[in-house]
Amino acid sequence: MRDVWDIMVDSCPLGLNDALDSNKMPNIKIFSGSSHPDLSQKIADRLGLELGKVVTKKFSNQETCVEIGESVRGEDVYIVQSGCGEINDNLMELLIMINACKIASASRVTAVIPCFPYARQDKKDKVGSRAPISAKLVANMLSVSGADHIITMDLHASQIQGFFDIPVDNLYAEPAVLKWIKENIPEWKNCTIVSPDAGGAKRVTSIADRLNVDFALIHKERKKANEVDRMVLVGDVTDRVAILVDDMADTCGTICHAADKLISAGATKVYAILTHGIFSGPAISRINNACFEAVVVTNTIPQEEKMKHCPKIQVIDISMILAEAIRRTHNGESVSYLFSHVPL
């Protein structure tokens, strides 16, 4: 008598191996949080998908409510939410969305966080200080909410990956930055890549090596957070285009001081290229009054409103890098190609 397994194999029109292969990868769903719907839409368009239905609202007491509007059972779910705007509300919304998908039996939930919130609070700043390590707390919250995987971009400190016990893909804007420099700065072969602080030296040397140009760095001394005391330029920018590169700019005090320092040191033009343009407080007026040719940021954070008030801001679209990372993760392919290439 034939057993049930043989009957299943015979009755399967695809043959057994094909049938098993077709079920290897669950279907993919992409949901957008409310922090950056434009970027989420670009990612979905790039992948040829529609964004999943989700309703986010607040009760009258300001509690966040999330309703996932379609089945996610057995699905590979990606939730796009950047750490910008109302950061605490958006973080809480992300945690609730992850948990909602997890308890609705999603097979895997990946949080796509282009700009990681609280990334600057990654260590105790002084010996014996009572400062919190909030980036570690955020990592714990994401893990406890049910995230299986994190995709982010240009973490302020790459050691933050070690705060997680789940896989973290830290993507880089560097390939897109190199492409922008070559296409938009005619004198790029006679430029110096400058880091506005010692912490960014590794990032700057990597870009300078790829372009085969010199690099410099500015040493700054801070008396308190968001205020720079004095700056010292290490390197030569005389009669060259100076390109300031950093992972983020918040109030822009540092990069505007740095631009003045570079001009006084003999630079012909100054550009600033930043992955995350937070631009809070007096940032926009400082950029407008500074001597930049352009301040170039990626769209990990929405920039439409800021661009209306500051014509110097230009945007590099990185949605294709995030979309390709999602596609490769979903298909079980390597993501390391994206560390040195911009997907076409």
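In this text the structure is predicted, and so the values were computed from the model without any measurement.
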Residue pair T152 / L171, side-chain heavy-atom distance below 4.5 Å: no
Establish whether V80 and F116 are linked, either directly or via other cluster members, by ILVMFWY side-chain heavy-atom contacts under 4.5 Å. no
Option from V194, I185, I207 for which side chain to side chain contact (heavy atoms under 4.5 Å, CB included) with I243 holds: I185
Less than 4.5 Å apart, any side-chain heavy atom of V295 and any of C252? no
Evaluate the side-chain proximity of Y118 to N88: yes if any heavy-atom separation is below 4.5 Å, no if none is. yes
Residues L322, I318; criterion side-chain contact (heavy atoms from CB on, under 4.5 Å); working and verdict: CA-CA 7 Å; L322 293 169; I318 47 83; 3.7 Å; yes
Extract all donor-acceptor atom pairs below 3.5 Å that involve side chains of residues 269-277 and protein atoms in other chains or at least two apart in sequence.
residue	atom	partner	partner atom	Å
K269	NZ	E187	OE2	2.8
T275	OG1	D154	OD2	2.6
H276	ND1	T300	OG1	2.8
H276	NE2	M153	O	3.1
H276	NE2	D154	O	3.3

Cluster question for you: counting only ILVMFWY and a side-chain heavy-atom cut-off of under 4.5 Å, with indirect links fine, are L142 and V77 together? yes
Residue pairs meeting side chain to side chain donor-acceptor pair (under 3.5 Å), one or both in residues 161-172, sequence neighbours left out, come to H149-D169
Going hydrophobic residue to hydrophobic residue with side-chain gaps under 4.5 angstrom, can you get from I30 over to I98? no
Evaluate H219 against L233 for side-chain contact (heavy atoms from CB on, under 4.5 Å), listing each step before the verdict. CA-CA 6 Å; H219 172 64; L233 175 66; over 6 Å; no
Which pairs, with at least one residue in residues 233-246 and sequence neighbours excluded, count as a side chain to side chain donor-acceptor pair (under 3.5 Å)? T192-R240, D214-R240, D236-T238
Run the side-chain contact (heavy atoms from CB on, under 4.5 Å) test on I79 and T110 for me, step by step, so that the C-alpha distance in whole Å, both residues' side-chain angles and the decisive distance to 0.1 Å come before the verdict. CA-CA 6 Å; I79 300 170; T110 301; over 6 Å; no
Measuring only between side-chain heavy atoms, which start at C-beta, is M307 closer than 4.5 Å to V315? yes
Give, for atom OG1 of T251 and atom CZ of R286, the distance between the pair rounded to the nearest 0.5 Å. 5.0 Å
Determine whether more than 12 heavy atoms belonging to other residues, nucleotides or ligands lie under 6.0 Å from atom CD of E333. yes
Clusters formed by hydrophobic residues whose side-chain heavy atoms approach within less than 4.5 Å: which one holds I103, and what are its other members? none
Any side-chain heavy atom of V112 sitting closer than 4.5 Å to one from I326? yes
Counting C-beta onward and ignoring hydrogens, is there a side-chain heavy-atom pair between I263 and D260 closer than 4.5 Å? no
Can a donor-acceptor pair be found, under 3.5 Å and without considering hydrogens, that links the side chain of E93 to the backbone of S34? yes
Rounded to the nearest 0.5 Å, what separation is found between the SG atom of C310 and the CD1 atom of I287? 5.0 Å
Does A106 offer a backbone N or O that forms a donor-acceptor pair with the side chain of K29 under 3.5 Å? no
Rounded to the nearest 0.5 Å, what separates atom CG in N331 from atom CG in D76? 9.5 Å
What residues form a side chain to side chain contact (heavy atoms under 4.5 Å, CB included) with E305, not counting sequence neighbours? K308, H309
Over all heavy atoms of both residues, which pair between I218 and A258 is shortest? Give the atoms and the distance, please. CD1-CB, 3.6 Å
L137 and P132, any side-chain heavy atoms less than 4.5 Å apart: no
Can a donor-acceptor pair be found, under 3.5 Å and without considering hydrogens, that links the side chain of N99 to the backbone of S145? yes
Are I160 and I113 in one and the same hydrophobic cluster, where Ile, Leu, Val, Met, Phe, Trp and Tyr link if side-chain heavy atoms are under 4.5 Å apart? yes
Nearest-0.5 Å distance that lies between atom CG in N140 and atom OG in S134: 11.5 Å
Sequence neighbours excluded and cut-off under 3.5 Å, please list the side-chain donor-acceptor pairs for residues 335-344, or say none.
residue	atom	partner	partner atom	Å
S336	OG	S334	OG	2.9
H341	ND1	Y337	O	3.2

Are S206 and E174 close enough that a side-chain donor and a side-chain acceptor fall under 3.5 Å? yes
Short question: side chain of Q314, backbone of A294 - any donor-acceptor pair under 3.5 Å? no
In terms of side-chain geometry, is the basic nitrogen of R108 or D148 positioned less than 4.0 Å from the acidic oxygen of its partner? no
Within the distance-only criterion (no hydrogens, no angle test), does the side chain of R46 pair as donor or acceptor with the backbone N or O of E324 below 3.5 angstrom? no
I'd like to check the side chain to side chain contact (heavy atoms under 4.5 Å, CB included) partners of K42; sequence neighbours left out, ordered by chain and number. D38, N299, D317, S319
If you measure from CD1 on I28 to NE2 on H330, what distance do you get to the nearest 0.5 Å? 5.0 Å
L39 side, atom CG; C115 side, atom SG - distance, nearest 0.5 Å: 11.5 Å
Main-chain N/O of S40 paired to S32 side chain as donor or acceptor, under 3.5 Å: no
Other than M248, which residues form its hydrophobic cluster under the rule that side-chain heavy atoms must be closer than 4.5 Å? I278, I301
Would a hydrophobic clustering, with Ile, Leu, Val, Met, Phe, Trp and Tyr connected at side-chain separations under 4.5 Å, put V297 with L244? yes
Checking P302 now: which residues fulfil side chain to side chain contact (heavy atoms under 4.5 Å, CB included) with it, not counting sequence neighbours? H36, C84, E304
Measure the shortest side-chain to side-chain distance between R203 and D247 over non-hydrogen atoms and say whether it is less than 4.5 angstrom. yes
Going by side-chain heavy atoms closer than 4.5 Å, which hydrophobic residues are tied to V234, directly or by a chain of links? L217
Enumerate, atom names and distances included, each donor-acceptor pair closer than 3.5 Å involving a side-chain atom of residues 47-60, sequence neighbours excluded.
residue	atom	partner	partner atom	Å
K57	NZ	E67	OE2	3.3
K58	NZ	D89	OD2	2.5

So, using side chain to side chain contact (heavy atoms under 4.5 Å, CB included) as the criterion, who are the partners of A139 when residues are at least two apart? F163, F164
